[in-house]
Number of protein chains: 2
Amino acid sequence: MAAVSAPSGPPETLSGRERILSAAAQRFLDAGYVETSLRDLAADVGMKAGSMYYHFESKDALLIAVLERGMSLMVDAFEEVVDGFAVAGVDNAIESAADQRLAAHITAHLRALHDNRAFTAGHVTLFRTAPQVVREAVLPLRDGYEARWTALLAEVLPDRSIDERTMLRLGLFGAMNASIEWLDTGRGTVDRFARLVADQFWRGVGSEPSEESSGKGKR
Amino acid sequence: MAAVSAPSGPPETLSGRERILSAAAQRFLDAGYVETSLRDLAADVGMKAGSMYYHFESKDALLIAVLERGMSLMVDAFEEVVDGFAVAGVDNAIESAADQRLAAHITAHLRALHDNRAFTAGHVTLFRTAPQVVREAVLPLRDGYEARWTALLAEVLPDRSIDERTMLRLGLFGAMNASIEWLDTGRGTVDRFARLVADQFWRGVGSEPSEESSGKGKR
DNA sequence: GTCTATACTTGGATAGAC
DNA sequence: GTCTATCCAAGTATAGAC
């Protein structure tokens with residue numbers, strides 16, 4: 001779902017639009033939206049500023065494209081996990097599977113977030129102060145993703161009030177998304193953080209550290 | 001500690017520098033740093049752009065002042081909690097007090113964050129992309145605050161590895177600080193969120209919801 | 001598809017009058 | 001302390017040649 005027009009050929013033959021999109025995502029992440037000039041951006045892809053308007057109608061449209069791709073990737077990752085649990089069969093011990101479902105979605109969220117860092121990070125770092133037209137354009141996709149998590153938490157934490165679930169969800173989002181600003185990229189690191197977050201979220205830090213994530217004592 | 005030259009008189013007699021500082025903090029929060037022009041800012045305090053240079057040597061200096069004030073307020077809040085536990089006496093049941101110490105600091109962090117939203121939010125929303133001179137100027141204060149939390153977690157979670165404590169700390173920071181972007185201001189709301197975060201962080205969501213924060217079932 | 005040239009706007013900062 | 005006037009730099013966007 002939420003298909004993104006994927007590049008067909010090898011990286012060298014990426015379309016002009018694709019190359020601009022990637023460079024923009026990276027620059028927006030590193031320097032911010034307003035701080036990034038179309039001149040610098042054009043230089044990144046070996047073009048001049050004016051030429052970019054053949055591919056994008058405005059700078060805002062460029063940001064919208066970056067954010068839409070980022071959120072589509074997050075949605076896709078969520079749905080993959082859903083599909084995975086669907087084929088696992090409906091007659092599982094649904095009670096004890098709650099923490100595992102949550103853990104799977106946490107891992108998927110963090111992997112998608114970091115694997116596509118350039119496109120996804122914008123939602124964390126620059127959505128809030130983006131031009132209104134940009135926010136409005138991207139909002140439907142974002143709302144859809146949040147709705148999926150809202151539904152997930154309702155299933156997994158049925159005894160909590162709606163207010164509590166909302167705060168828990170936003171707290172969890174905060175913990176995960178802030179990692180964009182400090183976590184080293186790399187699958188191993190991301191997965192370790194994901195396991196820690198999932199374990200901490202469900203069991204808390206008051207109980208014993210789990211066996212596989214740390215030996216006995218400090219290492 | 002980390003004393004901030006506080007205004008002396010009533011709000012109407014705030015010095016020009018103070019009024020500029022508050023207006024700047026608010027505008028930076030709402031619109032972002034680069035998006036805020038000195039002309040708009042001057043209009044907020046009933047001045048013209050050129051006049052601001054009597055009070056601040058540059059726009060960067062203005063942002064530095066905002067961020068320093070914000071972080072000083074956070075440090076002060078942390079130290080107040082430390083002092084509170086100090087007078088409570090050293091011969092307490094230190095083992096069982098770990099979760100209470102943590103909860104007190106979480107509440108203090110969230111209160112300080114939201115009570116001084118305009119000044120503190122900048123550290124969440126615009127520190128990352130701030131000009132390098134700004135980041136460098138404010139970094140010592142930030143490092144000091146983080147060091148306090150690092151030490152706190154070392155005392156409270158002695159069995160965890162340093163790596164895990166770092167990730168837990170940054171995850172907790174993420175959960176708390178992201179609330180700047182969604183939590184309604186207001187002491188009641190902030191305190192409820194603080195209790196939820198503290199409880200969730202220590203005990204997890206897998207266990208029963210605590211008695212005082214929710215009745216039985218959904219309400 | 002990409003270039004050059006340029007129109008148009010806005011912003012940070014300075015100088016000097018009051 | 002605040003104003004007006006102004007300089008200078010930089011950015012988005014457009015037009016038209018190639």
Side-chain angles (χ1 to χ4, degrees), chain A residues 5 7-9 11-28 30-67 122 126 129-135 137, chain B residues 5 7-9 11-28 30-67 122 126 129-135 137:
Chain A
S5 62
S8 41
E12 298 81 18
T13 47
L14 280 175
S15 71
R17 188 185 163 94
E18 258 333 288
R19 280 165 46 231
I20 292 172
L21 211 53
S22 295
Q26 192 60 48
R27 276 227 178 233
F28 291 166
D30 294 338
Y33 179 61
V34 259
E35 295 90 331
T36 298
S37 76
L38 293 181
R39 296 189 222 280
D40 293 344
L41 205 44
D44 284 349
V45 295
M47 292 181 16
K48 297 296 179 178
S51 313
M52 320 252 306
Y53 286 84
Y54 176 81
H55 302 280
F56 291 92
E57 84 172 315
S58 71
K59 195 185 176 188
D60 282 355
L62 194 44
L63 179 55
I64 291 174
V66 169
L67 291 175
L126 44 84
T129 53
Q132 193 181 3
V133 280
V134 174
R135 290 203 310 274
Chain B
S5 63
S8 42
E12 296 81 19
T13 47
L14 281 177
S15 71
R17 188 185 163 92
E18 260 329 291
R19 281 165 46 231
I20 293 171
L21 210 54
S22 295
Q26 192 60 49
R27 275 226 179 234
F28 291 165
D30 294 337
Y33 179 62
V34 259
E35 294 91 330
T36 299
S37 76
L38 292 182
R39 289 171 169 81
D40 293 344
L41 203 44
D44 284 349
V45 296
M47 289 181 18
K48 297 296 180 179
S51 314
M52 319 249 310
Y53 285 84
Y54 175 82
H55 303 279
F56 291 92
E57 83 173 314
S58 71
K59 194 187 177 189
D60 281 355
L62 195 44
L63 178 55
I64 291 175
V66 168
L67 291 175
L126 44 85
T129 52
Q132 193 181 3
V133 278
V134 174
R135 290 202 311 272

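So you know, we letter chains A, B, ... as the sequences are listed, proteins then strands, and number each from 1.
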**Study point:** Check against side-chain contact (heavy atoms from CB on, under 4.5 Å), B:L62 and B:Y33
**Key:** CA-CA 10 Å; B:L62 195 44; B:Y33 179 62; over 6 Å; no
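- Within a heavy-atom distance below 4.0 Å of DNA chain C, no residue of residues 36-45 of chain A is found.
- Rounded to whole angstrom, the span from the OH atom of B:Y54 across to the C1' atom of C:dA15 amounts to 17 Å.
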Check your understanding: After noting the C-alpha distance and the side-chain angles of B:M47 and B:I20, does the key distance pass the side-chain contact (heavy atoms from CB on, under 4.5 Å) rule?
Key -> CA-CA 9 Å; B:M47 289 181 18; B:I20 293 171; 4.2 Å; yes
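- Read 5' to 3', the first and last nucleotides of DNA chain D with an atom closer than 4.0 Å to a heavy atom of chain A are D:dG11 to D:dT14.
- Taking atom OH of A:Y53 as the reference point, atom C1' of C:dT4 lies 16 Å away to the nearest angstrom.
- Residue contacts shown for B:K59 are limited to sugar-phosphate atoms, with no base heavy atom under 4.0 Å away.
- Judged purely by atom type and a 3.5 angstrom limit, B:R27 has no side-chain atom pairing as donor or acceptor with the backbone of B:T36.
- The two residues A:L67 and A:V134 make their nearest non-hydrogen contact at CD1-CG1, 3.8 Å.
- Side-chain N or O atoms of A:R135 include one that pairs as donor or acceptor with a backbone N or O of A:A130 at under 3.5 Å.
- One distance of note links OG of A:S15 with CG of A:L21; it measures 8.5 Å at 0.5 Å rounding.
- Between A:F56 and A:A65, the shortest heavy-atom contact is CE2-CB, 4.0 Å.
- Closest heavy-atom contact between B:L63 and B:P131: CD2-CD, 4.4 Å.
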